Each structure stands twice: as C-alpha cells, then as structure tokens.
Asker: 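Can you read through this structure? Questions will come right after.
In what follows, chains are A, B, ... by sequence order, proteins preceding strands, each numbered from 1. Remember, predicted model here, so these are calculated numbers, not experimental data.
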Protein chains: 2
Amino acid sequence: MSNIREVSRAAGVSIATVSRALSNPEKVSEAALKKVYAAIEKVGYRPNMMARNFRAVRAYSIVVLVPNLSNLFFATVIRGIEDAAQQKGYSVLLGDTRDSTAREEEYIRLVETRQADGILQLRPHTPGKSLEPKVAIPMVSACGCENTPYPSVRIDNTGAAREIVDYLIDQGHRRIGVLSGLVDNPHAVDRLRGYKEALAAAGIPFDPDLQINGDFTLGSGLMAASHFARMKDRPTAIFSMNDEMAIGCLQGLKSAGIKVPEEMSVTGFDDIEFARYSDPPLTTVAQPAEELGRVGFQTLLELIEGKELGNTETVLPYEFVVRKSTPPLKG
Amino acid sequence: MSNIREVSRAAGVSIATVSRALSNPEKVSEAALKKVYAAIEKVGYRPNMMARNFRAVRAYSIVVLVPNLSNLFFATVIRGIEDAAQQKGYSVLLGDTRDSTAREEEYIRLVETRQADGILQLRPHTPGKSLEPKVAIPMVSACGCENTPYPSVRIDNTGAAREIVDYLIDQGHRRIGVLSGLVDNPHAVDRLRGYKEALAAAGIPFDPDLQINGDFTLGSGLMAASHFARMKDRPTAIFSMNDEMAIGCLQGLKSAGIKVPEEMSVTGFDDIEFARYSDPPLTTVAQPAEELGRVGFQTLLELIEGKELGNTETVLPYEFVVRKSTPPLKG
DNA sequence: CTGTTAGCGCGTTCAG
DNA sequence: CTGAACGCGCTAACAG
C-alpha cells in the first residue's frame with residue numbers, strides 16, 4: 001500500500017516529478033526517470049487509480065444493462081463490448097436487470113454517483129416503460145430497435161424478418177405461424193412488421209390466430225409448439241423471433257408427433273451457436289453480435305467524451321443463413 | 001454536479017452536518033435533518049461515490065474472471081454472483097479472459113490499483129499455469145476443483161462423474177467412451193478420476209482409446225462424435241464432461257447415422273437449460289450454478305473484510321438428473 | 001527540468 | 001448537537 005510520497009522519498013525527488021515520470025515521462029530528465037523507476041520497483045508502488053480517477057472526475061468504467069445474461073445473444077454482445085472497452089482502458093460493470101426497469105434505475109445511480117461514466121443498454125427501448133434518456137447520463141442502445149430516443153446501434157430487424165418470411169413464401173408456404181415476443185417488446189414489434197410486410201407483398205392476409213407470443217426463452221417456445229400442434233388448420237412453417245424459442249418449439253413439435261422439417265419448417269433469429277446444433281439445424285438471421293457490442297461501446301465513448309450525437313442510429317448488416325429446417329414445401 | 005458544499009450552503013449548516021445527516025442521521029437534530037434533506041432536493045445533490053470510496057479505501061466492486069462468457073454454466077454462476085453482490089452494495093466488474101492467464105493478470109491489476117477489492121475466479125486452478133494466489137489480493141474460486149490453493153466453492157466433481165458412470169454401467173454398458181476436456185483442465189482431471197473409479201469398481205479396465213479430449217464447446221463435441229463413430233469397436237455410451245459437448249456430439253452421431261439413444265447413450269454435465277431441449281434430452285448432473293456464485297461472493301466478501309480463511313473449501317450438493325438419453329442397453 | 005502549492009469531494013477528528 | 005480544520009493520493013498551475 002505504498003503511495004507516491006514514499007516513491008518520491010525513496011527516489012530523492014519531489015512528488016510532482018514522480019507523477020510526471022508516470023504520465024508525461026518526456027518532461028522529466030533521464031536521470032530523474034531512472035531514479036523514479038528504481039524507487040517504484042523498490043517500494044513496490046502501484047498508483048492508486050481511485051485517487052487518480054477521482055481527480056480526473058472520470059470512473060473509466062461503464063455499466064452494461066442486460067435483460068438476461070443467460071441469453072447467448074446478449075452474452076456475445078457483451079464480449080464485444082468488453083473487448084472494445086478494455087482496449088480503451090475502460091472496465092465493464094455488469095447489470096443483469098432481469099427485464100426490470102426498477103433494477104435499471106439502481107444501475108443508473110452508479111453513473112449519477114460517478115461510479116461509472118455511462119450506460120450501454122442492451123434492452124430495446126419501449127416508450128413509456130423503459131428508462132428514458134436523461135441529460136447528463138450518457139447512454140446508448142447496443143442492440144436496439146427502431147425509434148430509440150437516444151443513440152443506438154442495431155440491425156434492420158424489420159428487413160431481416162421480411163427476408164426470412166419471403167424465403168418461407170418462396171419455399172411454397174402460405175400459412176406461416178409467427179412465434180413472437182410479448183406485444184410491447186420492441187424487437188417483436190419491428191420483426192412482426194417485417195412478417196406482415198412479407199405476407200402483404202405476397203397477397204397473404206394476416207391471420208391473428210397464427211401469432212403466438214412467447215418471451216424469448218426455450219420454455220416459451222415449447223409452450224407455443226403445443227398451441228401450434230393443436231390447431232385445426234395448422235401452419236406449415238413457423239417464424240420464431242429468436243433461436244431459443246425456435247429450439248424449444250422444435251422439441252414441442254416432435255413430442256407432438258410432428259416431423260420437422262418434413263411436416264413443419266421452423267426458422268430462428270440471432271444465430272446463436274446452438275442454432276447450428278439443433279435437429280434440424282436452423283435457418284436463421286445472423287446478427288453481428290460482437291460488432292454490435294464494439295460499435296456500441298465506441299459510440300458511448302464519444303458521448304462520454306462530450307460529443308453531441310443526438311439520437312444517431314448505426315445500422316449494421318445482418319446475414320441470412322439457410323440451414324436444413326426449411327426445405328421446399330411438398331405437395 | 002453539485003457537491004456537499006453546495007448542500008451545506010443551501011441548508012445553512014456546515015458540511016459536516018450534511019455528511020452526518022447522510023451517514024449517521026441519528027446524530028443530527030430533527031430540524032437540521034429537515035433542512036439538509038430539503039437542500040439536497042433543491043440542489044439535486046448526489047454524493048460522489050468516487051470521493052467516498054477513495055476516503056474509505058474501498059472500491060465496493062469485485063472482478064469476476066470468466067474463461068468464456070458464452071458458456072451458459074458460467075453465465076448462470078455470474079447471475080448468482082451479481083445477485084449477492086448487489087445486495088451487499090458491491091458492483092461486479094466483468095473479466096472475460098478467454099482462458100488466457102495474461103488477460104487475467106491485467107484484471108489483477110484492477111485490484112492492485114484499488115479499482116476493485118477482490119477477485120472471483122471462475123476458471124478452475126491449474127498448478128503452474130493459473131494465476132497463483134498473491135497475498136493482499138483477496139481471491140476465491142467460485143466453481144473450482146480439488147486442491148485449489150485458495151478458498152473455493154465447488155461441487156464434488158469426482159463423485160458426480162462416478163455417479164453418472166455407475167449409472168451407465170447399471171444400464172448395462174461396458175464400453176463407455178469419455179469426452180473429456182484438455183488434459184490439464186482441472187475439471188477434466190477430477191471428472192476423469194470419477195470415470196476411472198467407476199470403471200474400476202465394476203472391474204472394467206480403462207481403455208485409453210475410448211477417451212477423446214475436447215474443449216467444452218459444441219464444436220469439439222461434434223468433432224469427437226466423428227471419432228467415436230469411426231471406431232471399429234465403438235462404445236455403447238459416451239460420458240461427456242459438459243452439456244455443450246454432449247449436444248455437439250449428439251449431432252455428430254446423428255449425421256454419422258448412429259441413432260441416439262437406441263444405438264448410443266450420451267450423458268452431459270452441468271444441466272444447462274438446453275440439456276432439457278436436446279434430442280433426446282440429456283441425462284446429466286445439475287450443478288447449483290447460481291448458488292455457487294452466491295456463496296462464492298459471500299466467501300470473497302469475508303476475505304475482503306479481513307477474515308483469514310486459509311484455503312477453505314465449500315462443497316455444495318449436485319443433483320443427478322436422468323432424462324431420455326440413457327435407456328437400458330438392449331441385447 | 002524541477003519543486004512548491006493548491007485543491008478534487010468527502011469523512012472524521014476535535015473543540016465548542 | 002454542530003462547525004472548523006485536516007488529510008486521503010494524486011495532478012495541474014505556477015514559480016524558479
């Protein structure tokens with residue numbers, strides 16, 4: 001627990017010289033530098049970052065708000081964030097909010113009390129329900145949705161959904177079920193719009209009976225499957241809004257005796273690694289998860305450093321991935 | 001950005017009184033309290049935690065070192081950690097080290113420079129390769145292995161592995177493949193011992209050809225499957241050391257035309273949520289992941305607060321979960 | 001190039 | 001019960 005004063009004593013120079021030797025070595029003579037480095041070694045000095053940051057009025061850390069850390073898509077985004085943050089000397093404070101705005105508020109306090117410099121929000125913004133952007137709280141959305149009222153980085157969810165459903169229609173499907181998220185989930189909203197647009201473009205009327213809302217978990221996919229299985233006029237394909245639900249759905253369909261993909265096509269969204277290992281492997285949309293995290297961090301850093309960004313949107317490209325869960329419809 | 005001085009001015013009391021009103025309200029008169037609270041409201045005061053922590057010589061944060069955040073088992077442990085930490089007013093700094101000791105060292109620096117108070121290590125300890133415990137760096141292992149040289153919380157990996165393999169033997173298997181981790185991975189070491197003990201107890205000789213080493217990822221499970229599939233004298237069951245590899249293996253076996261579980265039993269380890277949704281659902285060992293995290297944090301907190309723990313071990317119970325991937329062997 | 005001085009925001013003496 | 005004064009470890013401004 002030695003401090004800068006001990007170093008200065010051991011080196012026989014002033015405290016200021018030690019400080020300069022560390023942050024502006026070019027302003028210190030060779031001789032003094034040598035003495036300082038030797039002294040640092042000798043007394044085992046480590047600068048106290050709390051003191052340094054305190055002076056700098058910057059915590060050099062950001063908080064990442066994630067609705068559910070066990071969601072592999074989010075986990076991957078976080079890896080990207082951490083990667084970028086570490087390169088810039090920032091640490092990442094984890095806030096698993098379990099979809100609770102109240103918990104989010106608690107983490108906001110970390111930046112209000114200067115324990116963190118900004119917020120990277122992974123939960124998409126729901127007007128009237130989510131944390132509203134506050135001035136003086138740098139915040140950016142790292143895997144957001146349309147109409148986010150603060151800077152965001154995202155993919156074109158609507159377009160990606162449209163592309164998937166277009167593909168299913170091309171494969172011959174006319175009755176396409178949709179396994180959505182909760183009605184007010186913004187990702188669900190955007191993707192549902194894409195689904196409807198694709199249907200409309202093909203002249204297929206939207207049938208509300210074919211929409212089942214889950215919550216992006218495996219379990220809700222399983223539940224949804226049993227609904228779909230029991231329908232009198234069952235769909236021939238299901239567009240699921242994430243891979244977890246699609247995989248849950250796969251199992252539900254099988255245990256209902258429905259063969260996938262022979263009797264039912266299923267698509268996912270995100271392209272988590274498990275999507276390649278399901279049976280059958282899932283046709284899905286690959287989001288550039290790590291990149292979303294990296295770009296999200298960079299955007300946040302600009303905000304922290306004082307740039308005015310308004311509610312800039314950065315839209316990154318996605319990739320449509322065809323696997324075996326969507327063969328052409330027979331008959 | 002108001003500070004305590006502004007509050008004191010607005011309230012017409014001294015700085016010390018404001019400070020006391022916040023941390024020892026019982027030592028302040030009713031009248032003064034009211035004035036202080038009103039002033040805080042009025043100037044929009046938020047205590048500067050950096051300053052407070054700086055004085056307290058405590059960061060009120062810990063760093064969690066995780067080898068791979070995309071591993072669902074670790075993600076769940078972290079949820080437990082964060083839960084416990086938040087309750088005690090601590091924040092969690094994330095360190096995804098991607099199995100690199102060098103990266104771990106960088107995070108150690110965070111506590112050396114007082115940005116964090118201690119380390120919660122999720123990577124099991126490999127002698128001569130892992131971070132060695134340093135005095136003055138509070139560190140605990142939250143899902144450790146046997147012979148960890150600092151306080152640890154874990155399950156009985158050897159016992160759990162033995163129990164799984166015993167069960168396979170009971171189901172009639174004599175040739176049981178093992179899908180291990182890398183040779184120096186401590187979890188692999190402990191679990192391999194359990195595998196061998198179970199074999200020995202049943203009088204089955206250990207056959208090194210039946211051991212394939214992966215790296216706990218889906219991909220390595222897939223690779224291993226093709227090895228197993230090509231063996232002349234193929235095993236009738238595979239004990240995989242985690243669920244991800246087991247699920248990867250499942251797919252590899254299927255694409256090699258081997259039916260699971262009819263022609264091959266497969267077991268996992270950890271009981272991640274996907275284990276219930278694979279085809280067939282996996283027989284596995286459920287680790288109390290969140291609890292490991294919670295207890296790990298509590299142990300670390302004791303260390304931070306100055307208790308001497310030596311290399312205490314806390315062993316938590318696991319649960320053996322039988323699903324459909326392990327029917328009795330026919331013939 | 002170097003040392004001296006003055007705080008950053010807060011908690012904690014110690015008198016009153 | 002209250003206030004003035006000091007210092008935590010460090011950096012920045014200013015002289016020399």
Side-chain angles (χ1 to χ4, degrees), chain A residues 1-40 43-61 89 109-117 136, chain B residues 1-40 43-61 89 109-117 136:
Chain A
M1 291 297 180
S2 59
N3 58 24
I4 199 170
R5 183 158 56 244
E6 288 185 40
V7 178
S8 94
R9 268 205 297 265
V13 300
S14 76
I15 290 179
T17 301
V18 177
S19 175
R20 276 190 291 257
L22 261 29
S23 38
N24 300 81
E26 71 281 5
K27 293 185 174 176
V28 177
S29 69
E30 283 291 331
L33 272 183
K34 272 211 179 94
K35 284 193 287 186
V36 169
Y37 292 145
I40 286 177
V43 305
Y45 170 70
R46 292 308 222 156
N48 181 331
M49 286 306 206
M50 281 181 72
R52 187 178 283 185
N53 295 348
F54 168 47
R55 279 242 52 196
V57 196
R58 181 149 314 172
Y60 290 101
S61 68
R109 213 171 325 166
L110 286 182
V111 3
E112 286 177 342
T113 61
R114 325 288 200 294
Q115 309 230 72
D117 302 319
Chain B
M1 289 296 181
S2 57
N3 59 23
I4 198 169
R5 183 161 52 246
E6 290 185 39
V7 177
S8 95
R9 267 205 298 265
V13 299
S14 76
I15 290 178
T17 300
V18 177
S19 175
R20 274 189 293 257
L22 261 29
S23 38
N24 301 81
E26 72 279 5
K27 291 186 177 175
V28 177
S29 67
E30 283 291 332
L33 272 184
K34 273 213 180 91
K35 286 192 286 186
V36 170
Y37 291 146
I40 287 177
V43 305
Y45 170 70
R46 293 310 222 155
N48 181 332
M49 285 309 206
M50 281 181 73
R52 187 178 285 187
N53 294 348
F54 168 47
R55 282 239 51 197
V57 195
R58 179 147 317 170
Y60 291 99
S61 69
R109 214 171 323 167
L110 286 182
V111 4
E112 286 177 344
T113 61
R114 326 290 199 292
Q115 310 229 72
D117 302 319

Asker: For the CG atom of B:N53 and the CZ atom of A:F54, what is their distance to the nearest 0.5 Å?
Answerer: 11.0 Å
Asker: How long is the span from the OG atom in A:S8 to the CD1 atom in A:I40, to the nearest 0.5 Å?
Answerer: 11.0 Å
Asker: Once side chain to side chain contact (heavy atoms under 4.5 Å, CB included) is applied, do any residues pair with B:R58, and if so which ones, sequence neighbours excluded?
Answerer: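 B:R58: side chain to side chain contact (heavy atoms under 4.5 Å, CB included) contacts with B:Y60, B:Y90, B:D117, B:I304, B:E305.
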Asker: Which part of the nucleic acid does A:A56 contact within heavy-atom distance under 4.0 Å: base, sugar-phosphate only, or nothing?
Answerer: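 A:A56: no heavy atom of the nucleic acid under 4.0 Å.
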Asker: Between A:R114 and A:E112, is there a donor-acceptor pair closer than 3.5 Å when you use the side chain of the first and the backbone of the second?
Answerer: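 Here the side-chain-to-backbone pair exists.
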Asker: How many Å lie between CZ on B:F54 and P on D:dC8, as a whole number?
Answerer: 9 Å
Asker: Ignoring hydrogens and angles, write down the donor-acceptor pairs under 3.5 Å from the side chains of residues 11-34 of chain A, residues two or more places apart or on other chains.
Answerer:
| residue | atom | partner | partner atom | Å |
| --- | --- | --- | --- | --- |
| A:S14 | OG | A:A16 | N | 3.4 |
| A:S14 | OG | A:T17 | N | 3.2 |
| A:S14 | OG | A:T17 | OG1 | 3.2 |
| A:S23 | OG | A:S19 | O | 2.9 |
| A:S29 | OG | A:A32 | N | 3.2 |

Asker: I need the CZ-C1' distance between B:R58 and C:dG11, as an integer number of Å.
Answerer: 16 Å
Asker: Could you state the CZ-P distance from B:R9 to D:dG3, rounded to the nearest angstrom?
Answerer: 15 Å
Asker: Determine, for nucleotides 10-16 of chain D in 5'-to-3' order, which nucleotides have protein heavy atoms under 4.0 Å from the base (write B), from only the sugar-phosphate (write S), or from neither (write -).
Answerer: BBBB---
Asker: Taking A:N3 for the side chain and A:E6 for the main chain, is one N or O donor matched with an acceptor at less than 3.5 Å?
Answerer: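 It does hold such a pair.
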Asker: Just the rounded figure in Å: distance from C1' of C:dG9 to CZ of A:R114.
Answerer: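 Rounded to the whole Å, the gap is 9 Å.
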Asker: Using atom CE of A:M50 as one end and atom C1' of C:dC8 as the other, report the distance to the nearest whole Å.
Answerer: 13 Å
Asker: Atom CD of B:E6 to atom C1' of C:dC8: distance rounded to whole Å?
Answerer: 14 Å
Asker: At under 4.0 Å, does any side-chain N or O of B:T17 touch on OP1 or OP2 of D:dG3?
Answerer: yes
Asker: Calculate the interatomic distance between A:E26 atom CD and C:dC1 atom C1'; express it in whole Å.
Answerer: 12 Å
